[in-house]
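Scope of the values below: all heavy atoms of this structure, side chains included, with no hydrogens, waters or symmetry mates.
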Amino acid sequence: NLCIFCVNKDLNEDFLLSIDLRAFSACYLTEHIVLSHPDKAAVNTKESPLQVVPRHGDKGCWENGYFQVSLPKLSWNVLRFSPESPEKIR
């Protein structure tokens with residue numbers, strides 16, 4: 001597996017990430033996890049522990065060995081790739 005950790009620190013704009021994966025033969029996105037919240041001041045508290053939680057992100061797209069995905073503004077992201085297609089993993 002290949003895991004890529006990405007942060008978009010922009011306060012106002014999403015970021016289009018392009019990753020050159022041509023060196024990896026048969027590589028599939030198996031998971032995109034996003035940690036973000038529309039309210040940049042949102043935090044988890046004892047009273048509200050699920051205010052900011054991980055969620056599934058954009059599936060992205062492939063073009064000529066490059067993978068592109070949009071990273072939401074003010075977000076932490078994990079992209080997990082595998083040599084097996086997602087259908088075979090499940």
Self-check item: Polar contact flag, side-chain donor to acceptor under 3.5 angstrom, D58-H32
Solution: no
Using the rule that two of Ile, Leu, Val, Met, Phe, Trp, Tyr join whenever any of their side-chain heavy atoms come within less than 4.5 Å, decide whether [X] and [Y] are in one cluster.
| X | Y | result |
| --- | --- | --- |
| L2 | Y66 | no |
| V52 | F5 | yes |
| I4 | L71 | yes |

Quiz item: OG of S18 to CD of Q68: how many Å apart, nearest 0.5 Å?
Solution: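 That separation rounds to 4.5 Å.
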Quiz prompt | Residue of the set F67, Y28, F24 for which ring pair (Phe, Tyr, Trp, His ring centres under 6.0 Å) holds with F81 | solution =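 Testing each of F67, Y28, F24 against F81, the sole residue satisfying ring pair (Phe, Tyr, Trp, His ring centres under 6.0 Å) is F67.
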Quiz item: Pick one: which of V78, L79, I19 meets side chain to side chain contact (heavy atoms under 4.5 Å, CB included) with C6?
Solution: L79
Quiz item: So, do T30 and N1 sit near enough that their side-chain heavy atoms are less than 4.5 Å apart?
Solution: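 No, side chains not in contact.
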Quiz item: Are any of the side-chain heavy atoms of L17 and N77 separated by less than 4.5 Å?
Solution: no
Considering all heavy atoms, the nearest [X]-[Y] contact:
| X | Y | answer |
| --- | --- | --- |
| S75 | V34 | CB-CG1, 4.1 Å |
| N44 | P49 | CG-O, 3.2 Å |
| L29 | K59 | CD2-O, 3.3 Å |
| S36 | L74 | CB-O, 3.6 Å |
| D14 | S70 | CB-OG, 3.7 Å |
| Q51 | H37 | O-CD2, 3.1 Å |

